[in-house]
Protein chains: 2
Amino acid sequence: MTPKPRVPNVLVRAQLVEAEDRFIASWGRMGSVWGISRTMAEVHALLYITGTEMCTDEIMSRLGVSRGNVSMSVRSLLEWGVIEKVRIAGDRKEYFQAEQDVWSMLRAIARERIKREVDPLLDVLDEIGELAPQASRNSPKDVKELQARIEAVRDGFGVITTLSHKFAGPRGAGLQTAAKLLARAPIGRTKKHTPKRTGGTR
Amino acid sequence: MTPKPRVPNVLVRAQLVEAEDRFIASWGRMGSVWGISRTMAEVHALLYITGTEMCTDEIMSRLGVSRGNVSMSVRSLLEWGVIEKVRIAGDRKEYFQAEQDVWSMLRAIARERIKREVDPLLDVLDEIGELAPQASRNSPKDVKELQARIEAVRDGFGVITTLSHKFAGPRGAGLQTAAKLLARAPIGRTKKHTPKRTGGTR
DNA sequence: TTGAGATTTCAGTTAATCGTGAAATAAAGT
DNA sequence: ACTTTATTTCACGATTAACTGAAATCTCAA
């Protein structure tokens with residue numbers, strides 16, 4: 001049926017696998033920067049980029065990591081809600097597949113990071129605000145200033161958190177809509193910032 | 001002049017220092033989560049929360065870290081644009097003080113993180129997209145899918161990057177305006193019920 | 001209930017990161 | 001030019017986080 005491909009299939013396949021590997025590698029490196037373990041990011045990348053459901057052993061051999069490591073990574077990814085378990089009839093193994101919608105995936109990532117990064121800071125800020133000497137009419141200047149600074153940070157992150165909860169919630173087109181909305185809105189100077197990015201990979 | 005304070009000054013001062021220390025500690029912990037070295041975050045926190053210009057030795061003794069460490073941290077913070085050098089007449093030492101505007105500070109942090117986290121990924125994605133077997137009419141299905149997935153991720157991050165450049169640029173009220181704008185905008189379903197999240201920490 | 005296969009746990013190891021301190025360099029005063 | 005004081009650099013050691021592998025636990029079919 002199909003006319004003979006111009007490039008031998010084995011070659012195409014090799015390129016394909018290489019592209020996948022590169023994607024996996026850079027997503028993994030990204031993970032480190034984000035404070036996510038490299039393997040966890042790699043497992044996710046693998047499942048996303050291949051789109052296939054895979055079992056523990058397949059993941060192990062493809063990424064060359066240990067069983068325990070895969071187990072823990074997969075568990076975290078399930079908690080994040082970016083992959084899910086799949087049962088295959090007549091097979092006792094568990095298979096996993098990645099959420100395929102990018103925005104949903106990005107929202108999940110954003111949500112999880114906010115939870116881990118911003119929320120705890122807010123808690124501490126509240127606590128410190130109460131603990132610190134209360135500013136009153138005749139407090140020394142520095143006490144007033146301290147309170148003011150704590151409150152300023154608290155408010156800043158407060159706004160950010162509110163927004164995130166609104167826009168990165170698990171369901172709804174939050175992030176995507178926000179992105180479009182913002183992309184349109186004319187803020188301050190409308191300088192059409194240099195496109196700039198000519199792939200300079202450092 | 002001032003009427004006798006109800007609380008001895010030494011005590012107020014101790015509380016003040018403790019509040020500062022707590023702020024510094026949690027900002028520092030935050031730093032680790034962000035892939036910023038703990039000390040760098042602590043130095044920044046110290047300069048921000050005290051609002052005072054400080055020299056290397058003062059920072060060293062207050063945080064209990066080495067000279068070299070302070071030197072490197074301060075340098076990074078200068079690059080990030082969140083602190084600046086201050087010269088004090090008749091003193092050979094360099095003093096440093098932190099940007100006091102929270103939004104400007106938050107923008108700087110966002111900007112720097114995007115630069116380190118998102119931009120490199122985009123570069124790689126572009127590269128992979130070109131490198132991978134090109135999808136054509138008679139490509140096998142998986143090649144087409146691979147290209148589609150790469151493009152989807154690329155586009156998602158592309159939107160995010162564009163936004164960030166627009167809103168987290170070094171000058172202008174970008175982030176702040178965006179925040180207000182979004183906080184107001186009705187996104188998707190205008191389902192008004194369940195206030196639901198009671199500022200609940202965590 | 002048993003057991004083969006699948007998954008999870010975790011103590012020990014390895015890898016990556018961070019911080020130190022002293023030596024090298026730079027800057028300012030005499 | 002020389003001395004003094006401040007700053008930066010960097011090889012090394014310390015600290016922390018990640019990963020391994022094998023034992024323990026779980027699951028399901030018979």
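All figures in this text were calculated on a predicted structure; none of them were measured in a lab. Atom set for the values below is all heavy atoms of this structure, side chains included, hydrogens, waters and symmetry mates excluded. So you know, we letter chains A, B, ... as the sequences are listed, proteins then strands, and number each from 1.
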Discussion item. Expressed as a whole number of angstroms, how long is the span from A:Glu58:CD to C:dA6:P?
Written reply: 12 Å
Fill in: Pair A:Glu112 + A:Arg107: basic N to acidic O under 4.0 Å
no
Worksheet item: So, is B:Ser37 near the phosphate of C:dG19, with a side-chain N or O under 4.0 Å from OP1 or OP2?
Response: yes
Fill in: Nucleotide C:dC18, atom P - distance to CG of B:Leu63 in whole Å
17 Å
Worksheet item: When the distance from CG of B:Asn69 to C1' of C:dC18 is rounded to whole Å, what number comes out?
Response: 8 Å
Fill in: Straight-line distance of B:Trp80 CH2 to B:Glu99 CD, nearest 0.5 Å
14.5 Å
Worksheet, complete the sentence: So CE of B:Met30 and NE2 of B:His44: to nearest 0.5 Å the spacing works out to 14.0 Å
Discussion item. Strictly distance-based, threshold 3.5 Å: is any side-chain N or O of A:Ser76 a donor or acceptor partner for the main-chain N or O of A:Met72?
Written reply: yes
Fill in: Interatomic distance where CD1 belongs to A:Ile59 and P belongs to D:dT20 [whole Å]
14 Å
Pairwise N/O distances under 3.5 Å, protein to nucleotides 1-8 of chain D:
from, atom 1, to, atom 2, distance (Å)
D:dT4, O2, B:Arg92, NH2, 3.4
D:dT5, O2, B:Arg92, NH2, 3.0
D:dT7, OP1, B:Glu94, N, 2.8
D:dT8, OP2, B:Ser71, OG, 3.1

Response to the item:
Atom CE of B:Met60 and atom P of C:dA22 are separated, to the nearest Å, by 11 Å
Worksheet entry | Geometric class of the B:Phe23/B:Trp27 ring pair [parallel <30°, tilted 30-60°, perpendicular >60°] | parallel
Worksheet entry | Identified side-chain contact (heavy atoms from CB on, under 4.5 Å) partner of B:Phe96 from the options B:Leu78, B:Leu77, B:Val86 | B:Leu78
